[in-house]
Each structure stands twice: as structure tokens, then as C-alpha cells.
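Worksheet for the structure shown next.
Per chain, numbering begins at 1; letters A, B, ... match sequence-line order.
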There are 2 protein chains.
Amino acid sequence: MPATIYDVATHAGVSISTVSRVVNSPQGVNPATRFRVQRSIEALGFVPRADATARARRLHRQVGVLAPFFTYSAFVQRLRGIASSLSDAGYELVVYNADTPEHIHAYLHSLPLLRRLDGLIIISLRLDDMLAVRLRASGLPVALIEATHPSLSGVDVDNREGGRVAGKYLMAAGHRQIGFVGGDYAVGDYTLRTSQLRLQGLCEVAEAAGVQVQVPALPANSATREDAQQQAFELLARSQPPTAIFAASDTLALGVLRAARERNLRVPQDLAVLGFDDLEFAEYIGLSTISQSLEVSGRQAVELVMAAMADEQTLPRHVQLPLHVVRRETA
Amino acid sequence: MPATIYDVATHAGVSISTVSRVVNSPQGVNPATRFRVQRSIEALGFVPRADATARARRLHRQVGVLAPFFTYSAFVQRLRGIASSLSDAGYELVVYNADTPEHIHAYLHSLPLLRRLDGLIIISLRLDDMLAVRLRASGLPVALIEATHPSLSGVDVDNREGGRVAGKYLMAAGHRQIGFVGGDYAVGDYTLRTSQLRLQGLCEVAEAAGVQVQVPALPANSATREDAQQQAFELLARSQPPTAIFAASDTLALGVLRAARERNLRVPQDLAVLGFDDLEFAEYIGLSTISQSLEVSGRQAVELVMAAMADEQTLPRHVQLPLHVVRRETA
DNA sequence: TTTGTGCCTGAAAGTGCTTTCATGAAAGCA
DNA sequence: TGCTTTCATGAAAGCACTTTCAGGCACAAA
């Protein structure tokens, strides 16, 4: 059984208050006493228990992350940013996986009440007004990533602008037949509809340039590679098939790439493919894509929760991250 | 301010003991009293605070995972298994990123003392005898993944056998010039040397069949795609280049694939490529590989820590997961 | 000698539950 | 009716720290 603050106090012949002070604010205690206590601490190998400290300080030094982790690939890179910022700030990271609407619902309602967390980061989940207001009222500092809500801090990108950037890039490369492949990660009512926005942006600039965007007959209601592959097959089978396809995510772009290979189309000569996200594997496979600074989004979110933790009264802040195309080999 | 157990007790006109019993073992309390208390609980919206419960029970319902997450791609899939098993068991998952030897050292020495965790899972980190014994003695239940040690529970695979499986598979496909590309994730003294073992297994079966294995002149001391690409270039530039390359991981295989593309080699006709791990993207890009059941390893590890948590005296258990080749398009 | 002024230090409250132990009431039995 | 047994409940200890508050003590000034 490890030593407690009481053991140290007895051993050094002082009160526990003094031991606590030696640990937390040594300058306030008489040098002679301090050295004696320090020797006792070392002799007994005393280390304050994190949970006891947390209780007394009413600060847990833990921040939670709620996300549909395993259905959604972009989380790793966001998490990377979150983890490193959090660790720099001396906070631990606890992970809540929310792949189903039921899980999400349960977490969202219990986490604020359990009072185990100092802050919470919610990734890629759409929150309705009621929920957002409840969260805000619960007193648990929250930051959103990818989604936004007026009453909660958040960091996102301009998805419509992303579609415009993609369209301009492809048209600048001479494409006049542009296809779109999309779909969103389905998590019930919490599903975020970014794919649609990216398509809108694409259509805007295409229309302005007199270029028509080809959209699959059946829009997918999920975001798997297989869906994308089927969508691509459909587009490529048309009488005037697209010479370029913009996929609403890198994962979907993989499906397009596969479809191209199966139809013996050379990329980018016969078919240019442009993704969205800039996931890690995009670089590996040479996929051209729109980068949305995933890692930075994680760091930003940590800053936002920290701000909310420092001052609960502060107004929600919203950060919008820039987008840029990363030119590689597929477009 | 949320309601506490005291508020409920007052409201229902009972003692806090009774409220506690209604929450935790309702069958032991008189139905009339029970209903009254339950009504008070609902009226006040009482939810027991997780940290208070944890303290009183001396059980935190949190398990930690320590791993070089962001230098090591296989973690996502392992984590998926861990997260879902943990959540089924009602435990939370706290993540400790350990990309540098210094971080690892600090975590390994502080986590057992801070007493915030009920258990710890350590992924892909080599522990020396002293550390393993210390951990064991600390009383914090531990399970290892990918590494093993006699005094700690662990789940791993037979890496040498993995090399043999790869060699047999490639030779059965007719290859007589087999190349190897390898390298390990470098985390100082904690670096695990699995690449070497996989090579040994490959050499064993090749030698037995009179086939020579081609190994790059400069073995890489890291495991990046770029390293693998350079290694592959070197092998392919030889007078008698390999017709198949076994890469010690899927990430490395990506580098080989890239090298093949740059040299205008068709895969698998001109060069067969076989990976190891079966990461998620392997399926996406059609990479043939040796699966090591990453998700299962996570589930197994949870079982092992749980066993250790249930009975601290129990002997360490070791589980070895099966390997099998997943035939796709590259070999 | 008395009063004032800091500096150290200890006592004690606060944190919100679980769980053991003891007690009283009610029920069962002869 | 008197005794035992069971059931339901409350009191209180325990958890391991931080932090506030008050007071003791030494030293300087009056």
C-alpha cells in the first residue's frame, strides 16, 4: 500500500497541511521544515493520488472526445491534434465512441451530469437546438468540430467554399464534364450533411462557367467506398461520361479510383479524381485532394474548450479553418 | 447546481443510505419506500457523480491505453476492439499517447502511482525486465499487445511464423526471387523488433526451398513509406531483381507499390507485393497481406486486463493470435 | 514591557458517494 | 405470550487530498 499524505505528515512530524504545501507551493513553507518534509516524501515514495487531488480541487484534468470514431476515418488526424495539445496542457484524453445514435444520445445526456470531465470535444455530430442549449446550460465546457451551433464554441470549414475551390481547380485544368460522388456518415439524427454543401459549391462555380455537373441518379445515404464505386460506375457508363470526378471525401475518392481501374481508365489522363479531407493515406497513394487541416482543427478545439473552462461565462467562439487544394497525381 | 444524494434523501424523507440502495440494489428495499425515493430521484433529476462513486467504490471504471499512436498506424483497428469491449463492460477509455521514449518513461512510472486507472493496456512497446517487474509489483493490472513478457499478461502473434506464411505463399505462386522490405517504428529503448522476426521466418522457408531472399543493403531504422520506397528502388535496380516483395507492414507495402509504379512495373504481373497487418486501407487499395486480427487483439487485451482486475493474484496469461494471408490483387 | 506585524503552521471543513454494522420493527413459531 | 429470525433502515466511517481561517510565535518598534 502506497504512502498517503498522512504517512508523510507523521514521518516528518508536521500536519498534512504542511505536506500539501510542500508539494504545491513550497515557497510558502520554512526551508528547514520543507527539507525535512521533502526527505520524508522521498523516503516513503509519496505520490499524491490523482483522484484525491482532483476531488479536492474540483478539477479532473480530463477532457473527453465524443465522435463516431470507427465509422469515420478523419478522426485519427483530428485526434492527433487534440491529443498533443491536451497533453501539453497537462490534461488526459478520454475517448467516447459514438457509432450509433443510441450511444450518442446516452453520452450526451449523461456526461454533463457525471461530472467526471472538465471539458468535452464533440466531433462531426450535428446537434439540434434543444441539445445544444441543454449542453450549454449544463455547465460542461464544450467545443464542436466540423459542426457548429450559435450557443457552443466550434471550429469548422466552409464546405460550400470547398466545393467551389474544387470546381475552379478542375475547370482550370480544362475539364468541362465534371462528376460528383458523395454521401455522409450516417449516425441518425446526428448526421452531418457536409457532402451536400460541397456539391452546392461545385454547382455554383460550374453553372457560372456554363459547365454542367453530373450527379449520380441515386444519392448514397452512407459514405463507404463501395457506395462511391457504384456511383462512379453509373457516371462512367453515361453517354458523355465525366472527365473528372470530385469526391466529397478521400474515402469516397478511393472508390472512384477503384471504379476507374476496373474500367481500365488511366488516372488522371482519362479520368481526374479529386478528393476532400487530405487523410494520411492520400499522400501515400498520391491522391489530389482539398485539405481541411484536420490536425489544426483538433488543436483549435482544445483551445476553445480551454477558453470555456477558464471562464464559463465567456461567449461561444467560432473558428473557420482555411481550405486549399493539395495537388498530387490524380488530378 | 445538480442534486446530490442528500437532497434526494431529504426530499424523500429517508437516509442517504436508502437512496444509495435504491440506486444500486433496489431489491433490498421495501417497495413503498423504493417508489417514494424513485419519485424523488426523478423530481430532482438526481444522477450520482461518477467521481464520488469511484472514490467510495475504489474503482474508477477507467482503463488506460498507452501506445505510440501517431507513429503507428495499426493502432486504430486495435483501439476499435478495445473501445467496444471496454464500453460493453461499462468502462471508459483514456488514451495516453507515447510517441517519444521520454513520454513513455514518464507515463510508465507515474500511471501506477496516480491510481486513477483500474487497468492499463500497453500496445507495441518493448518493456525490459526491470520495468515489467515494477509494473507487476505496482498492483496496476496490465495487459500487453504485440509485445510480451513472462510477468505480464499479453496478446501477440508469431511474427516468425508470419514470415514463413508469407514465404510459402509467394513461393507457391511461383516466385523464386523474393525481396524483403522492413523497418520498425522507432521509440528508443521501447522499440519492438518485429520486422526482423518476419524476415527470419521468410528466410527459413526460402532457404529450405533453395530460394534466396534479397534484403536491402541498408536496413531501415524506421518504418515510413519513404524508407520502404528507397529500399524497393534498391532491390529493383539489381541485376536480378525480385519478382515479389514481402513488406513487413502494410504501410511499407505502400512504399513498394509506389516504387513499382515509378518504375512502370505492373502489379502483380511484373512485381507481386505482399504486406503485413491488414490495415483498413489494405482492402481499399486491394493490397494482399497477412492479417493479424488487429481488432481481435484489442478485445483479447481487454479480457486479459479484466481478468487481472478481477483477481490481482492470478498468473499472467499469454494469448497468441492466428495469422492468415488475405489474397487481394497485389500478390 | 507592551503592542504591532508578518511569517508559519495546524485544525477543520469540504468533496458525494458506498458499505458495514447495529438497531428496531415485524413476522413466525411453539 | 415470549422467543427467534428476518427484513428494512439509519448512523457513521471511510476515501485522500486542498484550502481557508485563525492563532502562535518571533522580532521590531514604541
Side-chain angles (χ1 to χ4, degrees), chain A residues 1-38 40-41 44-62 90 110 112-118 139-140, chain B residues 1-38 40-41 44-62 90 110 112-118 139-140:
Chain A
M1 49 225 68
T4 71
I5 200 171
Y6 294 93
D7 301 326
V8 177
T10 306
H11 188 272
V14 296
S15 74
I16 59 165
S17 316
T18 301
V19 179
S20 177
R21 270 188 286 263
V22 169
V23 173
N24 299 297
S25 50
Q27 71 288 354
V29 32
N30 183 296
T33 319
R34 183 166 70 223
F35 291 139
R36 195 150 41 88
V37 172
Q38 278 165 342
S40 297
I41 287 176
L44 300 179
F46 168 67
V47 176
R49 318 251 169 109
D51 58 328
T53 308
R55 174 185 12 170
R57 288 220 181 101
R58 255 138 294 181
L59 188 75
H60 303 278
R61 300 209 82 86
Q62 289 193 331
S110 66
L113 296 169
L114 292 174
R115 314 236 129 196
R116 164 170 272 190
L117 261 24
D118 298 317
L140 176 65
Chain B
M1 52 225 69
T4 70
I5 199 171
Y6 295 94
D7 302 325
V8 176
T10 306
H11 188 273
V14 297
S15 75
I16 59 165
S17 316
T18 300
V19 179
S20 175
R21 268 188 288 262
V22 169
V23 173
N24 299 297
S25 51
Q27 72 287 356
V29 30
N30 183 295
T33 319
R34 184 166 69 222
F35 291 140
R36 192 150 41 89
V37 172
Q38 277 164 342
S40 297
I41 287 177
L44 301 178
F46 169 67
V47 176
R49 318 252 167 109
D51 59 327
T53 309
R55 175 181 5 152
R57 288 222 181 101
R58 255 137 294 182
L59 187 75
H60 303 278
R61 300 208 83 84
Q62 289 194 330
S110 65
L113 296 170
L114 292 174
R115 314 236 129 198
R116 164 169 272 190
L117 261 23
D118 298 318
L140 176 64

Report task. Round to the nearest Å and state the distance from I16(B) atom CD1 to dT19(C) atom P. Result -> 13 Å
**Report entry** d(CG, N30(A); P, dC25(D)) in whole Å
**Finding:** 15 Å
Query raised in the report: Distance check: side-chain N/O of T53(B) vs OP1/OP2 of dC17(C), anything under 4.0 Å?
Result: no
**Report entry** Proximity to the side chain of P48(A) - top-ranked nucleotide from dC17(D), dT9(C), dG10(C)
**Finding:** dC17(D)
Query - Whole angstrom value for the distance that separates P of dA16(D) from CZ of R58(A) - result: 17 Å
Query raised in the report: Across all strands, who's sitting opposite dG24(D) as a Watson-Crick or G-U wobble pair, both distances under 3.5 Å?
Result: dC7(C)
Requested in this report: Mind calculating the distance between CG (L114(B)) and P (dC15(D)) to the nearest angstrom?
Outcome: 19 Å
Report task. May I have the distance from L59(B) (atom CG) to dC17(C) (atom C1'), rounded to whole angstrom? Result -> 14 Å
Query - Sugar-phosphate only, base, or nothing, as touched by R57(A) at under 4.0 Å among non-hydrogen atoms - result: sugar-phosphate
Requested in this report: Rounded off to whole Å, could you give me the CZ-to-C1' distance for the R21(B) and dT18(C) pair?
Outcome: 10 Å
Query raised in the report: If you look at every strand shown and take non-hydrogen atoms under 4.0 Å, does T4(B) touch a base, only sugar-phosphate, or nothing?
Result: sugar-phosphate
Query raised in the report: Quick one: R55(A) CZ to dG16(C) P, roughly how many Å, whole number?
Result: 11 Å
Requested in this report: Check whether any side-chain N or O of R21(A) sits under 3.5 Å from a backbone N or O of G28(A) as a donor-acceptor pair, and report yes or no.
Outcome: no
Query - T33(A) side-chain N/O to dT9(C) phosphate OP1/OP2 under 4.0 Å - result: yes
**Report entry** Distance test, side-chain N/O of N24(A) to OP1/OP2 of dT18(D), below 4.0 Å
**Finding:** yes
Query raised in the report: Counting side-chain heavy atoms from CB outward, which of dC17(D), dG10(C), dT18(C) is closest to A56(B)?
Result: dT18(C)
Query - Donor-acceptor contact present, side-chain R61(B) to main-chain G90(B), <3.5 Å - result: yes
**Report entry** Side chain S20(B), main chain I16(B), donor-acceptor under 3.5 Å
**Finding:** no
**Report entry** N or O in side chain of T18(B) less than 4.0 angstrom from dG10(D) OP1/OP2
**Finding:** yes
Query raised in the report: Any donor and acceptor pair, going by atom type alone, linking the side chain of D118(B) with main-chain N or O of L59(B) inside 3.5 Å?
Result: no
Query raised in the report: How would you label the contact of R49(A) with the nucleic acid (heavy atoms, under 4.0 Å): base, sugar-phosphate, or nothing?
Result: sugar-phosphate
Query raised in the report: S20(A) near the nucleic acid: base, sugar-phosphate alone, or nothing, with a heavy-atom cut-off under 4.0 Å?
Result: base
Query raised in the report: L113(A) CG to dG16(C) P: how many Å, rounded?
Result: 14 Å
Query raised in the report: With no hydrogens and no angle check, is any side-chain donor or acceptor of R49(B) less than 3.5 Å from a backbone partner on V47(B)?
Result: no
Query raised in the report: Counting only Watson-Crick or G-U wobble pairs whose two distances fall under 3.5 Å, which nucleotide matches dC29(C)?
Result: dG2(D)
**Report entry** Residue closer to the 5' end of DNA chain D, V23(A) versus S15(B) (nearest nucleotide)
**Finding:** S15(B)
**Report entry** Flag, side chain of R55(B) to backbone of D51(A), donor-acceptor distance under 3.5 Å
**Finding:** no
